[in-house]
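Reading through the structure tokens given below for one structure.
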There are 2 protein chains.
Amino acid sequence: MTSPDDIRFHVLDNGLRLAAERLPEARSVSFGIWIEVGSRHETPDQEGAAHLWEHLGFKGAGSRSALDIAKALDLFGGHSNAFTSREHTCFHARVTTRHLEEALDILSDIALHPAPSLEDLDREKDVVLQEIAMVEDDPEESLMESFWSELWPGGALAHPILGSPETVRAFDLPGLEAWRAGHYRPERMLVAAAGGLNHDELFAMVERRFGALAPGAPLPEPPRGDYRPAVLLRERDAEQTHVTLSFPALGAADDRRFALAALNAVMGGNMSSRLFQEVRERRGLAYSVYSYANSLSDRGVLHVCAGVDPERTPELLACLREELDRLARHGVTAEELDHARDHLLSGLFLSLESSEDRMSRLARNHLVLGRAVPPEETAARFEAVTLDDVSRLARELLDFSRAGLGILGPTVDPAWREAIRP
Amino acid sequence: MTSPDDIRFHVLDNGLRLAAERLPEARSVSFGIWIEVGSRHETPDQEGAAHLWEHLGFKGAGSRSALDIAKALDLFGGHSNAFTSREHTCFHARVTTRHLEEALDILSDIALHPAPSLEDLDREKDVVLQEIAMVEDDPEESLMESFWSELWPGGALAHPILGSPETVRAFDLPGLEAWRAGHYRPERMLVAAAGGLNHDELFAMVERRFGALAPGAPLPEPPRGDYRPAVLLRERDAEQTHVTLSFPALGAADDRRFALAALNAVMGGNMSSRLFQEVRERRGLAYSVYSYANSLSDRGVLHVCAGVDPERTPELLACLREELDRLARHGVTAEELDHARDHLLSGLFLSLESSEDRMSRLARNHLVLGRAVPPEETAARFEAVTLDDVSRLARELLDFSRAGLGILGPTVDPAWREAIRP
């Protein structure tokens with residue numbers, strides 16, 4: 001699908017990585033500036049720092065004002081953005097090929113040379129406080145953030161990516177800048193690109209903008225905290241009750257990740273999955289029901305989520321328990337595995353048409369595995385998954401002695417915790 | 001950007017339209033079965049019928065069971081779906097070229113030959129009731145649906161697309177089937193496709209599946225209701241207050257739609273827009289603030305939306321009023337128009353890379369204008385917009401004697417309606 005020459009990788013003298021894939025037919029280029037810094041790199045008094053820095057670069061960077069930046073990014077067509085996760089901050093864009101250099105110029109300024117004033121900081125704190133309020137007002141998102149915190153007591157994985165209103169209000173510029181200087185190191189940066197690009201030109205562009213960054217080992221990561229099977233029951237006036245289950249699962253580089261993808265597809269990852277069929281199609285219990293694997297670099301969680309009529313919460317809990325117990329006990333069928341595999345292969349193939357997906361795939365493979373992975377290799381790994389791999393993983397992961405339970409709804413019943421009794 | 005031969009249009013004997021664009025480099029095909037039937041075609045006792053039929057086809061169609069359908073769509077990679085709007089129902093998919101015929105087979109069965117049992121209907125009512133509950137629990141979506149209803153008193157435009165719990169519960173199969181038979185007519189159908197396709201093969205596939213549909217004029221549309229400048233103040237316990245303004249605007253075929261797109265871009269359609277800069281960047285009032293034009297076939301509404309700290313609601317209202325009044329009074333600057341134009345042109349160009357966007361663009365142009373519109377023509381129309389076009393439109397549309405106001409938050413103050421006093 002890609003000739004070897006189309007993908008190149010290079011490390012600058014200061015340790016910054018550049019991975020690029022040329023797609024000869026593309027009219028646009030997608031690129032991302034990835035920094036291995038996220039909420040898990042924050043100590044308790046810095047909770048929300050990574051996310052706030054994602055915002056602050058847009059308030060002014062290098063010699064540009066906030067308005068200069070907004071105008072330029074709008075001119076490129078409005079496909080520029082940024083996100084912060086537990087482990088990464090990413091500034092990314094899709095632009096026409098002729099805009100590549102200017103877009104890289106602006107996003108690298110945002111990432112490397114943010115220059116917020118004290119007033120900018122105060123304004124942006126207000127914006128982030130509204131973002132926190134918005135998440136809090138979304139029942140499912142609110143449950144997922146508060147439940148996640150319960151899963152990692154006392155560690156840096158626990159806190160919300162956005163921070164809390166208290167930590168966000170307390171930030172001052174010198175403290176934020178010191179934190180940033182300790183983490184935004186070229187050794188932790190990767191520039192990834194895919195699309196209509198010329199490798200040598202891109203290399204020169206990246207060298208010019210990132211080459212002068214001084215190397216220096218990043219600050220150590222705070223203790224992450226260990227998973228515990230938490231139970232969180234939250235009352236909130238609402239039409240629906242939201243339920244989530246958690247099981248400790250796999251880190252992103254785990255060799256069993258292909259079997260996990262198949263297991264998830266059979267379990268709740270698509271329309272023909274067991275949970276979708278049983279919970280939605282046969283019982284009409286939920287509109288939204290799904291499972292997904294959240295894989296961090298060193299650990300992961302398998303989640304099941306559903307939104308249900310509050311009165312039918314016990315039925316949903318019993319149904320989830322029965323389905324997952326059966327999956328753990330009897331595994332999947334050969335027909336289910338074949339189907340999951342074909343689903344995953346089609347999805348992989350379709351994703352290869354998008355330069356954004358290609359860029360993201362290239363970046364994540366480099367960040368997690370330290371190399372580009374040809375689609376053929378991924379396809380072969382899906383093909384190689386056996387029935388035994390998936391059934392063994394189901395037995396190991398769907399273990400209710402390690403299950404967590406989160407519920408948010410108009411009434412909650414302490415007896416519901418029985419649903420995850422081992 | 002496209003050679004004339006790549007786009008073809010054909011009308012079957014029964015009136016069904018087929019529009020297709022060949023993209024020689026694409027590995028996938030996007031297609032949609034569009035039916036000109038939506039919530040505005042429902043009488044009061046049928047509210048939610050169009051949306052329920054969007055669901056019911058997936059419960060079983062032709063000789064396929066719900067599970068057969070789900071399995072097949074998952075196999076294609078999971079990019080198949082459906083939606084219902086005020087005016088349209090659409091069943092759509094992106095699939096690899098080799099899956100095109102099978103995918104078309106399944107989605108045409110779902111669209112044309114749904115065969116739900118009584119039990120299927122009961123289960124799917126429960127699913128839709130949960131979908132309604134989910135929308136109700138989202139403060140912004142809930143405000144937008146209830147506010148929209150207030151804008152069109154007594155007409156078919158008023159009611160929610162999903163219907164109400166009462167109308168959904170009351171549906172019976174014979175009534176639903178009669179409604180469907182009256183509206184799912186080939187004259188109201190358009191199949192659109194874009195991607196790696198062969199025109200003659202596609203024509204044959206569509207003829208085989210849609211050619212036998214009996215023609216027959218669809219039922220007349222119920223009275224739509226006329227716009228009124230409504231005020232809706234709803235109290236709900238929440239962290240944020242959501243505010244929306246409405247102004248009657250343009251139908252989708254209106255010649256001034258290019259000027260409206262430019263006006264919207266300057267007003268609140270992107271990051272450098274006046275509202276984003278003033279409300280978010282300078283005042284830190286909101287995380288989310290934007291405007292957009294909702295254009296139906298014969299009429300439209302220009303909306304402004306923001307989520308704000310409840311205590312700062314009066315400041316937000318004053319700020320919106322001041323910005324919109326200034327825009328109405330003084331229009332936009334030449335620099336703003338240039339910028340809006342370039343933003344829109346870049347967005348158009350980037351959208352042409354996606355077969356989904358191409359299919360959707362092709363379909364909408366046929367549904368609204370009765371023809372395909374070459375991208376060059378759209379670009380030329382954006383280029384031709386003058387300062388006077390935009391300023392005149394701003395003056396005409398941003399008229400507070402016709403403005404509506406919707407607010408949902410923990411406390412509401414009747415005095416806030418003064419914010420839209422003419």
Side-chain angles (χ1 to χ4, degrees), chain A residues 25-28 59 66-67 70-71 73-79 94-96 99 122-134 136-139 237-240 265 270-272 276-277 280-288 307-309 339 342-343 346-347 349-350 352-355, chain B residues 25-28 59 66-67 70-71 73-79 94-96 99 122-134 136-139 237-240 265 270-272 276-277 280-288 307-309 339 342-343 346-347 349-350 352-355:
Chain A
E25 292 154 1
R27 306 149 180 245
S28 74
K59 300 297 285 182
L67 186 58
K71 276 184 173 176
L73 298 180
D74 286 338
L75 269 194
F76 304 150
H79 288 256
R94 181 163 74 94
V95 298
T96 61
H99 286 143
D122 284 343
R123 286 294 73 73
E124 209 56 21
K125 284 182 181 181
D126 287 339
V127 171
V128 171
L129 291 171
Q130 287 311 304
E131 193 178 356
I132 292 172
M134 195 179 68
E136 181 56 25
D137 280 346
D138 180 304
D237 187 31
E239 300 291 317
Q240 284 197 306
N270 60 33
M271 285 196 294
S272 58
F276 192 95
Q277 286 295 315
R280 175 165 162 167
E281 295 298 276
R282 277 190 284 275
R283 295 177 187 252
L285 270 167
Y287 170 74
S288 170
V308 67
D309 179 344
H339 182 266
D342 287 345
H343 165 70
S346 291
F349 187 90
L350 288 177
L352 297 175
E353 256 191 351
S354 146
S355 68
Chain B
E25 292 154 0
R27 305 150 181 243
S28 74
K59 300 297 287 182
L67 186 58
K71 276 184 173 174
L73 298 180
D74 285 339
L75 269 194
F76 305 149
H79 288 256
R94 181 162 75 94
V95 298
T96 61
H99 286 140
D122 284 343
R123 286 295 73 72
E124 209 56 22
K125 284 182 183 183
D126 288 339
V127 171
V128 171
L129 291 171
Q130 286 311 304
E131 193 177 356
I132 293 172
M134 194 178 69
E136 181 56 26
D137 280 346
D138 180 305
D237 188 32
E239 300 291 318
Q240 284 197 306
N270 60 32
M271 285 197 293
S272 57
F276 192 95
Q277 287 294 316
R280 175 163 162 168
E281 295 298 276
R282 278 190 285 274
R283 295 177 186 253
L285 269 166
Y287 170 73
S288 170
V308 67
D309 180 343
H339 181 267
D342 287 345
H343 166 69
S346 291
F349 187 91
L350 289 176
L352 296 175
E353 255 190 352
S354 147
S355 68

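Chain identifiers are assigned alphabetically (A, B, ...) following the order of the sequence lines, protein sequences preceding nucleic acid strands; residue numbering begins at 1 within each chain.
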Tell me, side chain or backbone of [X] under 4.5 Å from chain B's heavy atoms, or both, or neither?
{"X": "A:L129", "answer": "neither"}
{"X": "A:A26", "answer": "both"}
{"X": "A:A286", "answer": "backbone"}
{"X": "A:E131", "answer": "both"}
{"X": "A:V128", "answer": "neither"}

**Request:** Would you mind reporting whether A:E124 and B:R280 have side-chain heavy atoms less than 4.5 Å apart?
**Result:** yes
**Prompt:** Just wondering, do B:H99 and A:S346 contact through their side chains at under 4.5 Å, heavy atoms?
**Reply:** yes
**Message:** Heavy-atom count check: over 12 atoms from other residues, nucleotides or ligands less than 6.0 Å from A:D122 CG?
**Reply:** yes
Most heavy-atom pairs under 4.5 angstrom with chain A, which of [options]?
{"options": "B:A133, B:A265, B:G307, B:G78", "answer": "B:A133"}
{"options": "B:Q277, B:R94, B:H79, B:K125", "answer": "B:R94"}
{"options": "B:P139, B:S288, B:S354, B:G77", "answer": "B:G77"}
{"options": "B:V127, B:D138, B:D309", "answer": "B:V127"}
{"options": "B:D237, B:V308, B:L75", "answer": "B:L75"}

**Item:** Residue pair A:V95 / B:L350: nearest heavy atoms and the distance that separates them
**Value:** C-CD2, 3.9 Å
**Prompt:** Can you list the steps and then say if A:R27 with B:E25 is a salt bridge (charged side-chain N to carboxylate O under 4.0 Å, His left out)?
**Reply:** CA-CA 12 Å; A:R27 306 149 180 245; B:E25 292 154 0; 5.7 Å; no
For [Y], does its backbone N or O pair with a side-chain atom of [X] as donor and acceptor, under 3.5 Å?
{"X": "B:E281", "Y": "A:K59", "value": "no"}
{"X": "A:D137", "Y": "B:Q240", "value": "yes"}
{"X": "A:H339", "Y": "B:K71", "value": "yes"}

**Fill in**
Comparing A:R282, A:E239, A:Q130 against chain B, the one with the most heavy-atom pairs below 4.5 Å turns out to be A:Q130
**Complete:** Most contact-rich option vs chain B, by heavy-atom pairs under 4.5 angstrom, among A:R123, A:E353, A:M271, A:E136, is A:E353
**Any residue meeting side chain to side chain donor-acceptor pair (under 3.5 Å) with B:S272, in chain and number order, not counting sequence neighbours** = A:D74, B:N270
**Item:** Contact origin within B:D342 toward chain A - heavy atom pairs under 4.5 Å
**Value:** both
